[in-house]
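Let me begin by presenting the structure, written as structure tokens, before commenting on it.
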There are 2 protein chains.
Amino acid sequence: MKPALWNTLYSLAELGASQRPVKISTTQLARVIHSSQQTASRQLIQLEKTGLVERHFNVNGGWIRITENGMDELRRVYLNLKTVMEGATPTLKLEGTVFQGLQEGAYYVGQKGYRRQFTEKLGFDPYPGTLNIRLRSKADFQTRKELEAYPAILIEGFGNEHRSFGPLRCYRVTINGQVQGALMTIQRTHYDSSVVELIAPVKLREKLNLKDGDKVVVEAFISGEMPPHRT
Amino acid sequence: MKPALWNTLYSLAELGASQRPVKISTTQLARVIHSSQQTASRQLIQLEKTGLVERHFNVNGGWIRITENGMDELRRVYLNLKTVMEGATPTLKLEGTVFQGLQEGAYYVGQKGYRRQFTEKLGFDPYPGTLNIRLRSKADFQTRKELEAYPAILIEGFGNEHRSFGPLRCYRVTINGQVQGALMTIQRTHYDSSVVELIAPVKLREKLNLKDGDKVVVEAFISGEMPPHRT
DNA sequence: ATTACTAATATCCGAGTAG
DNA sequence: TCTACTCGGATATTAGTAA
């Protein structure tokens with residue numbers, strides 16, 4: 001079904017033609033769908049031909065009613081939008097304070113083996129460095145546990161001649177509602193579970209004007225499925 | 001906003017781009033929206049230009065996310081469809097049995113002063129005759145009272161040199177779920193309030209194969225507003 | 001692999017108008 | 001008035017292709 005045709009059907013529904021026949025001329029309908037009388041006429045013909053609306057005429061013009069099939073077309077879109085709007089991916093909010101880490105983030109993030117995967121799986125090449133966040137409240141510890149129960153974006157470990165690098169689990173996040181990035185849980189971290197590390201395509205300390213001790217709000221998006229990527 | 005563009009935005013939402021960036025190539029998107037890669041590309045450019053989606057690129061292709069403005073566009077349609085689907089015009093169901101009237105229906109309905117108005121306000125030229133229905137249950141009496149509390153389609157009274165004809169109140173109905181017609185309450189009827197009369201563009205007794213004593217279900221549509229008609 | 005440009009083509013739209 | 005036809009011009013789409 002052509003989008004323009006669907007749009008006309010939708011407009012008719014707005015005019016009340018879903019419940020009862022509506023008396024409307026092609027000229028009036030044309031105004032509603034922002035087209036000419038001729039186009040309105042043609043669209044009605046097509047909608048009728050495909051059984052999505054019924055019409056009958058008298059001398060003054062036509063009466064139009066959306067059929068059950070027509071309502072099905074609208075309902076299909078409605079239900080999908082409902083899923084999008086209401087069944088929205090749940091988000092988890094974490095709050096924490098910025099602190100100076102051991103400055104080793106840059107070393108890790110800068111590794112080619114990680115960077116290639118970040119770019120491929122997260123969609124950005126991270127600024128070489130991590131922002132360390134310490135969670136303060138019990139509630140935030142709890143939320144972090146909950147977050148980790150959800151499927152993560154997995155960054156595989158790898159090794160070079162000198163040493164090996166462990167796997168990472170990432171979650172997409174929005175930081176302070178402004179910057180899109182990712183939250184990482186490094187397995188072999190020096191920090192306990194009250195710490196999370198953030199990466200982003202930009203230097204977060206600069207972009208968000210952060211100093212040690214500043215509060216940061218991290219909103220994590222949980223996806224039931226992995227983002228599509230080439231296999 | 002062009003319907004085709006809205007459709008692309010909607011498809012992106014279906015793909016999950018409302019919550020997080022989605023990795024999808026123009027070729028993949030083209031398959032979803034049933035178009036060519038070139039059209040998908042062009043539509044994305046337009047959506048980005050109008051601030052409805054955000055994109056960023058890496059060597060393998062682009063990542064796409066619907067912006068707040070984009071979500072607003074989808075939400076507008078969603079809420080309208082919700083009204084259409086759920087806030088649907090309330091319907092009242094009446095059940096009654098067919099009985100032979102005084103055969104005067106044809107005389108009344110056939111009057112030019114009525115017919116002209118039926119055609120104009122109901123959208124059909126009624127078969128010259130009415131189907132008389134007697135309500136049986138208390139619940140149906142109740143429902144009839146309720147129905148009469150709603151605004152009706154008013155057929156004005158008129159007179160000729162010989163006599164005068166009273167005003168009618170009509171409601172749009174579907175009879176036995178099959179025929180669209182109208183329920184009339186004639187003010188100066190011989191019958192008490194347990195009787196309603198139905199008109200339709202066809203002879204109901206024939207079309208629905210009805211005999212005296214048969215049960216008939218009448219579903220009345222209540223419209224807060226009158227159907228649009230020329231003033 | 002991608003995205004997106006240009007040019008050729010297909011489709012759609014609306015002015016004019018008949019019935 | 002109304003609907004809906006024809007037809008030429010406008011718009012959108014795709015093929016071919018560069019980067």
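Chain identifiers are assigned alphabetically (A, B, ...) following the order of the sequence lines, protein sequences preceding nucleic acid strands; residue numbering begins at 1 within each chain. What's counted below: heavy atoms across the whole structure, side chains too, no hydrogens, waters or symmetry copies.
Proximity of B:R55 to the phosphate of C:dT2: no side-chain N or O atom is located under 4.0 Å from OP1 or OP2. Side-chain N/O atoms of B:T26 include one lying less than 4.0 angstrom from OP1 or OP2 on C:dT3. For D:dA12, the OP1/OP2 oxygens have a side-chain nitrogen or oxygen of B:K2 closer than 4.0 Å. In terms of phosphate contacts, A:R42 brings no side-chain nitrogen or oxygen within less than 4.0 Å of OP1 or OP2 of D:dA4. Between C:dG14 and A:T39, a contact under 4.0 Å exists linking OP1 or OP2 to a side-chain N or O.
What separates CD of A:Q38 from P of C:dA18 is a distance of 14 Å, to the nearest Å. The CD-P distance, from B:Q46 to C:dT3, rounds to 16 Å in whole Å. A straight line from CD of B:Q37 to P of D:dA18 spans 15 Å, rounded to a whole angstrom. Across the protein-nucleic acid pair, A:L29 atom CG and D:dA4 atom P stand 12 Å apart, rounded to whole Å. Atom pair B:W63:CH2 and C:dT2:C1' shows a separation of 15 Å (rounding to whole Å applied). Rounded to a whole Å, the CG atom of A:L5 is 14 Å from the C1' atom of C:dT11. Note: CZ (A:F57) to C1' (C:dG19) measures 14 Å, nearest angstrom. If you take CZ of A:R31 and C1' of D:dC2, they are 14 Å apart, rounded to a whole angstrom.
Considering only the side chain of A:T27, D:dC2 comes nearest among D:dC2, D:dT14, D:dA4. Closest contact between the side chain of A:S25 and the listed nucleotides D:dC2, D:dC5, D:dT14 involves D:dC2. In this structure, the nucleotide among D:dT14, C:dG14, C:dA4 sitting nearest to the side chain of B:I45 is C:dA4. Comparing atom distances between the A:S35 side chain and each of D:dT13, D:dT3, C:dG14 picks out C:dG14 as nearest.
Pairing each heavy atom of A:A220 with each of A:L147, the nearest pair is CB-CD1, 3.8 Å.
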Show the numbers, then the answer: is there a side-chain contact (heavy atoms from CB on, under 4.5 Å) between A:L168 and A:F118?
CA-CA 10 Å; A:L168 310 177; A:F118 286 144; 3.7 Å; yes
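Under the 4.5 Å side-chain criterion, counting only non-hydrogen atoms from C-beta, A:R20 is not in contact with B:Q180. Using a 4.5 Å heavy-atom threshold, the side chains of B:N160 and B:F165 count as touching.
The strand DNA chain C forms stems, runs of 3 or more Watson-Crick or G-U wobble pairs with distances below 3.5 Å, at C:2-19 with D:2-19.
A cation-pi arrangement is not found for B:R169 relative to B:Y171, the charged atom failing to lie both closer than 6.0 Å to the ring centre and inside a 45° cone about the ring normal.
In summary, A:E156 and A:K121 engage in a salt bridge, as defined by a charged side-chain N under 4.0 Å from a carboxylate O.
No donor-acceptor pair closer than 3.5 Å links the side chain of A:N132 to the backbone N or O of A:E197.
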